[in-house]
Peer 1: 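Submitted below is the structure of interest, expressed as structure tokens.
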Amino acid sequence: MASGRDKRPPWRLGCLQLLLLLLRSSAQAAHIKKAEATTTTVAGSESAEGQFDHYYHEAALGEALEAAAAAGPPGLARLFSIGSSVEGRPLWVLRLTAGLGPPPTTATGLEAAGPLLPGRPQVKLVGNMHGDETVSRQVLVYLARELASGYRRGDPRLVRLLNTTDVYLLPSLNPDGFERSREGDCGLGDSGPPGTSGRYNSRGRDLNRSFPDQFSTGKPPSLDEVPEVRALIDWIRKNKFVLSGNLHGGSVVASYPFDDSPKHVTTGIYSKTSDDEVFRYLAKAYASNHPIMKTGEPHCPGDEDETFKDGITNGAHWYDVEGGMQDYNYVWANCFEITLELSCCKYPPASQLRQEWENNRESLITLIEKVHIGIKGFVKDSVTGDGLENATISVAGINHNITTERFGDFHRLLIPGTYNLTAVSTGYMPLTINNIMVKEGPATEIDFSLRPTVTSVIPDSTEAVATPGTVAVPNSPPGTSSSHQPIQPEDFHHHHFPDMEIFLRRFANEYPNITRLYSLGKSVESRELYVMEISDNPGVHEPGEPEFKYIGNMHGNEVVGRELLLNLIEYLCKNFGTDPEVTDLVRSTRIHLMPSMNPDGYEKSQEGDSVSVIGRNNSNNFDLNRNFPDQFVPITDPPQPETIAVMSWVKAYPFVLSANLHGGSLVVNYPFDDNEQGIATYSKSPDDAVFQQIALSYSKENSKMFQGRPCKEMNVLDEYFPHGITNGANWYNVPGGMQDWNYLQTNCFEVTIELGCVKYPFESELPKYWEQNRRSLIQFMKQVHQGVKGFVLDATDGRGILNATLSVAEINHPVTTYKAGDYWRLLVPGTYKITASARGYNPVTKNVTVRSEGAVQVNFTLVRSSADANNESKKGKGESSSADDASDPTTKEFEALIKHLSAENGLEGFMLSSSSDLALYRYHSYKDLSEFLRGLVMNYPHITNLTTSGFSNTSAEYRHIWSLEISNKPNLSEPEEPKIRFVAGIHGNAPVGTELLLALAEFLCLNYKKNPVVTQLVDRTRIVIVPSLNPDGRERAQEKECTSTAGQTNARGKDLDTDFTSNASQPETKAIIENLIQKQDFSLSIALDGGSVLVTYPYDKPVQTVENKETLKHLASLYANNHPSMHMGQPSCPNKSDENIPGGVMRGAEWHSHLGSMKDYSVTYGHCPEITVYTSCCYFPSAAQLPALWAENKRSLLSMLVEVHKGVHGLVKDKTGKPISKAVIVLNEGIKVHTKEGGYFHVLLAPGVHNINAIAEGYQQQHSQVFVHHDAASSVLIVFDTDNRIFGLPRELVVTVSGATMSALILTACIIWCICSIKSNRHKDGFHRLRQHHDEYEDEIRMMSTGSKKSLLSHEFQDETDTEEETLYSSKH
């Protein structure tokens, strides 16, 4: 911070003064505090290690740190680099703390720092940020040597310090600038441009103006120009520093945050943090131990009259610094940092270094010791006792939270006093401990034990069971009175994130029968994106019940919507069951309230803000309401985590109506928000009339809004909105807005509501906003019950049809049905022609009259389009019938279980009821893995069978490729049961999948006969687990190697996922092909790999079309949707931070195209669909991450065990009842499967209508059609007739044609004989007549020669069957 912020020109001091300056002690050294001076570079010679009379240049710095580390005992120090400067110089850090152990031989960069230690707070000291401020660079080397040698010699104070504290010393953040600086240059007379001065880095950038700033006036600085800052930010983010010092030069004072203010006045503005008293305490601790600083009168030349009370100052009050490091540490990390100006002269002669060290030694050690003040402890899971990382610790009355470290440990710096602390963690009940006493000295120790709660995220792809007949809008509860006065909210204050989090958890805990708190994901800064669901059946979509949402605080500094939604939650909860209006609304509507879409921006905003943009954008500085895909304008900004989370959410729920709450004006704005020309003009949507109606429903209840002249006192444009509503584009163009995306990409109608002219009003104004908007909020929600609603049903079985389309004539905006076939279509009163259609069905059109009093219910029943034709084709060809009416009660029970597990939260409840006490704390080597599998078989012999699918082939030994079957009859073939395969470890350097499959196997075994769901799944499924396909590669891979390819291939250097071909060359692939894939008896296969977070489906090879793509993508999406983050499509892997994978699912060739993959071979030759799951960005993450990875993937893995029981189950037999094996089942003219022993077949298919052709040698081909449901299997019975065809034609036809042919031949022979006899008689008669009529004959010949048609000879005697040549021949005779 300080240093180099001069406001006086450098020529104020004369040459004499400059000469005297170099001779004075550091207390009297010349100084101009705010000089933006530049210097030329003249590097001095490197000094010997440990000397006070030379500066450490170039490599000498690293050598000096190595020597300092060597001064201590083994295991005390680690030297590593956090990155490099522009010119490639290392940014050295020396870590000092007891118990580090020997340094790793191969680790580099941050990995070389070693593991964190539980309960030990981290402190860092950073020097030489400005290259020409050099005292800190030297002093930190001296401090390193003092700490290390003091620990070795047993100094009690230093031993205690390093036994309890994790200290990090970074002597030079700007080594390039240091090498350009000149010894003896106190920063007085330089006038060169930026870049020549040692102050800046080699690209001319001031490192202490290059950090993200909460009060930034422009875009955040580009880190490409400041690799030093980028490295430091990365380092801070990967640690949990508690305390920090930023060491500068140019004055003698301790400065504390904030360094700037929203107004950015040059000087004199005290910019106070929420922890102002703590920062003053820390600054005084340093200053009071410094002989010059504590006087408050540094007497620096040029600033002789400048004083600092107690030797400390607020940064912004001294002078405004935007983009400083100390504010970044406090705002964006757990870390409390102060800035320490060590000497008036920036680069004093080396002869003064000993004195500078003596001045600062005690202050530096004292500051490090202050990391132990306040409150410390652990936050743990009350059930498992595990530490909870990233739990939030909030202090009542202090608006600044910290989060726990990796082991659940925390250190909250506080001055002496009494405090109330609250610990909050996602998935746990918050806990508050009151009246905690903090005294001077060591921290008070307090531990939190949090109780787990049920918290859900994006729902799975299925729903609860209900029938259309059970849906009705409820009546008012008995005993309610129309004169009842509802209870109004009482909590009117601004809720920062921890306050909001506690508020939401409190109401979810107090009203569990009507609420469910869940999160859509996390913001850029990892704050939860909370949603509160309010419904009489929370957590379940009730068929026929519409879903509604409000979203607030999309722009972080527009806060009224955030507070109104919290008020609305309180209002609905407190009035349910007593107020008729609220009760009816909650019982008939599933309501979702998202108070803050941009919690990061909110934390940067300022109360009282009317027009600024501070906090408007998210933490990546993107406007979230310009970040959605747009119909007119390509959006080039990368999709933000908040945007992706909301899009995934909206596509997962059947929302009908929504509003997006903003601030800055007073109007309801409806689509479209932009147009093709990009100008302000009316952009009409197909549902313009509907949007005007719902917009008016809000504005007419807000009298000030309805007047249409908002913000008259602020509105310089004198805007007028008739009745308080406006078309978005007619007001101003907004490309990339959320409301248009909702309307165009989903069934949801959304408007944007501007709630007031002041974006962040003062807290005292909040009751007024509630009073103005409470009726509007309720009336707008009621609009979800307008228009038309109903079900689209299958005429065959009466079940709802998913994704049927409802089209309204002359309105070009269709909507689609949800899972039970239910739909909602908002319409204004009038008469409409509505058509329901679905693939495989004949459409149905109805005339519907919509009235103003609630939605009219209209159901559509669709007939399958080819049902009649199919029935006709079956006559005389055998039978094809449904087998849904199976009478086995256990089968019915299991079908009900699958339906239940497919419902919303079905798997969630199952997992909570099952034992999951698994020991996921280390990776299994090949030997460990083998012993683990044998142990399972020994302990669970009745449900497990361990075999070897083959061997790997190394020069040293053959390793088994183990295959574990889990089934109630593991040694017997049960062809009627579906068979599922889990495979992992095809790449040995990605062993997470191996550990997940071992955990899955143990989970199933532990819960068999204890948990009824697991028991039934195991009893009715054949589960095959191949945990390690490449055991040789696994043995070569190393833990924590996130990008290394060591172990990726097998022992022969072959990538096994390129060897699944007809001429496979590797023993591992041959084993899998021969023993698993080519048996063609699997219904589904899941392969686990690493390197990202997504699911890919076939094919990996480039192909033009993908057969069965709908089903393959459905299976992949099912896995991704059950994963807490995968479905969001943003893996956020290093070096791929902008990667966007829609829905977390992609065709293999689109992600990483290659030939010879296992899943391509499985589909093509094994007739088994296979998906590949990439479980983590890091190939081989730390074992400490395994429990979290299991938690992330457990639900998805179990969903596959449920899904394998869906699709089509079939039985093929002949008319005698004999099962037909090896029959070919062709689906949709592409997919082929074969019947197993007993005539069974099973194939997974996406929900919808599918065609089936059954072919068997010696039998007639059968044709059928089946409808596949999303939550149950469809059963088909195919009965063959004996093939009575000859030469490929029906026997009856062949016999008939043969008989007819013989009859025709006999008849033809008779006719020929008769004709021959007649001809003989004619010939005789002809000769006789020729002799009698010779002259007539000659005339006839002439006529014939001229082609006359009147030939008498031809007419009377010529046989019509003879040719002209035959006739002439007979005449000549």
Side-chain angles (χ1 to χ4, degrees), residues 458-459 463 520 529 531-535 541-552 554 561 565 585 588-594 597 624-625 627-631 642-662 668-673 685-695 697-698 728 734 736-753 777 780-790 802-808 811-820 822-828 855 1142-1143:
I458 293 291
E463 64 161 349
L520 307 186
L529 301 174
V531 176
M532 179 71 89
E533 176 190 341
I534 299 180
S535 167
H541 171 73
E542 299 176 72
E545 183 172 279
E547 307 218 9
F548 175 92
K549 64 182 168 74
Y550 274 130
I551 297 179
M554 185 183 200
L565 293 186
L585 189 61
S588 63
T589 319
R590 192 181 184 193
I591 303 164
H592 303 258
L593 306 177
M594 183 182 190
M597 184 179 169
L624 298 181
N625 207 32
N627 198 236
F628 285 77
D630 191 89
Q631 62 177 328
E642 299 90 347
T643 310
I644 292 169
V646 167
M647 289 194 293
S648 298
W649 177 46
V650 178
K651 288 192 171 183
Y653 286 81
F655 290 115
V656 179
L657 180 61
S658 171
N660 177 13
L661 307 183
H662 281 250
V668 181
N669 162 67
Y670 55 87
F672 286 130
D673 250 343
S685 75
D687 281 290
D688 192 66
V690 174
F691 277 116
Q692 289 193 44
Q693 174 180 282
I694 60 178
S697 74
Y698 194 99
V734 177
M738 182 165 69
Q739 72 174 13
D740 286 8
W741 181 86
N742 269 266
Y743 178 67
L744 293 168
Q745 300 299 324
T746 75
N747 289 342
C748 188
F749 286 55
E750 180 170 284
V751 300
T752 302
I753 302 174
L777 290 166
F780 184 80
M781 282 194 284
K782 290 182 178 180
Q783 301 307 302
V784 77
H785 294 285
Q786 298 298 319
V788 182
K789 66 178 181 178
L802 172 66
N803 285 330
T805 299
L806 281 299
S807 304
V808 182
I811 300 179
N812 184 25
H813 185 75
V815 299
T816 56
T817 57
Y818 198 50
K819 297 168 187 175
D822 42 348
Y823 75 91
W824 306 263
R825 202 342 173 155
L826 300 182
L827 290 168
V828 298

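Worth saying up front: this structure is predicted, and the values here are computed from it rather than measured.
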Peer 1: Report the residue from Met738, Lys549, Met594 that forms a side-chain contact (heavy atoms from CB on, under 4.5 Å) with Ser658.
Peer 2: Lys549

Peer 1: Does any part of the side chain of Leu827, heavy atoms only, come nearer than 4.5 Å to the side chain of Ile811, both counted from C-beta?
Peer 2: yes

Peer 1: Who pairs with Glu642 by salt bridge (charged side-chain N to carboxylate O under 4.0 Å, His left out), at least two apart in sequence or on another chain?
Peer 2: none

Peer 1: Side-chain contact test, heavy atoms from C-beta onward, threshold under 4.5 Å: evaluate it for His541 versus Tyr653 and give yes or no.
Peer 2: no

Peer 1: Residues in ring-ring contact (aromatic ring centres under 6.0 Å, His included) with Phe628, at least two apart?
Peer 2: Trp741

Peer 1: Which heavy atom in Gln783 sits nearest to a heavy atom in Gln693, and how many Å separate them?
Peer 2: OE1-NE2, 4.2 Å

Peer 1: Can you find a heavy atom in the side chain of Met781 that is under 4.5 Å from one in the side chain of Thr589?
Peer 2: no

Peer 1: Do you know which two heavy atoms are closest between Val815 and Arg825, and how far apart they sit?
Peer 2: CG2-CG, 4.1 Å

Peer 1: Got a sec, which residues hit side chain to side chain contact (heavy atoms under 4.5 Å, CB included) with Pro546, two or more places apart in sequence or on another chain?
Peer 2: Val656, Val784, His785, Trp824

Peer 1: Residues in ring-ring contact (aromatic ring centres under 6.0 Å, His included) with Phe691, at least two apart?
Peer 2: Tyr743, Phe749

Peer 1: Of the non-hydrogen atoms in Asp740 and Asp673, which two are nearest, and what is the gap between them?
Peer 2: OD2-N, 2.7 Å

Peer 1: Could you check whether any side-chain heavy atom of Tyr550 comes within less than 4.5 Å of a side-chain heavy atom of Leu777, counting everything from C-beta outward?
Peer 2: yes

Peer 1: What residues form a side-chain hydrogen bond (donor to acceptor under 3.5 Å, both in side chains) with Glu533, not counting sequence neighbours?
Peer 2: Arg516, Arg590

Peer 1: Please report the closest heavy-atom contact between Ala855 and Val788, naming both atoms and the distance.
Peer 2: CB-N, 4.3 Å

Peer 1: Identify the two heavy atoms, one from Pro686 and one from Asn812, that lie closest to each other, and give their separation to 0.1 Å.
Peer 2: CG-O, 3.6 Å

Peer 1: Might you point out which heavy atoms bring Pro671 and Gln739 nearest each other, and give the distance in Å?
Peer 2: N-NE2, 3.4 Å

Peer 1: Could you pull out all residues at least two apart from Lys782 that satisfy salt bridge (charged side-chain N to carboxylate O under 4.0 Å, His left out)?
Peer 2: Glu581

Peer 1: Tell me if a side-chain donor or acceptor on Ser685 pairs with a main-chain N or O of Asp687 at a distance below 3.5 Å.
Peer 2: yes

Peer 1: Just wondering, do Val751 and Tyr698 contact through their side chains at under 4.5 Å, heavy atoms?
Peer 2: no

Peer 1: Between Asn669 and His662, does any side-chain donor sit less than 3.5 Å from a side-chain acceptor?
Peer 2: no

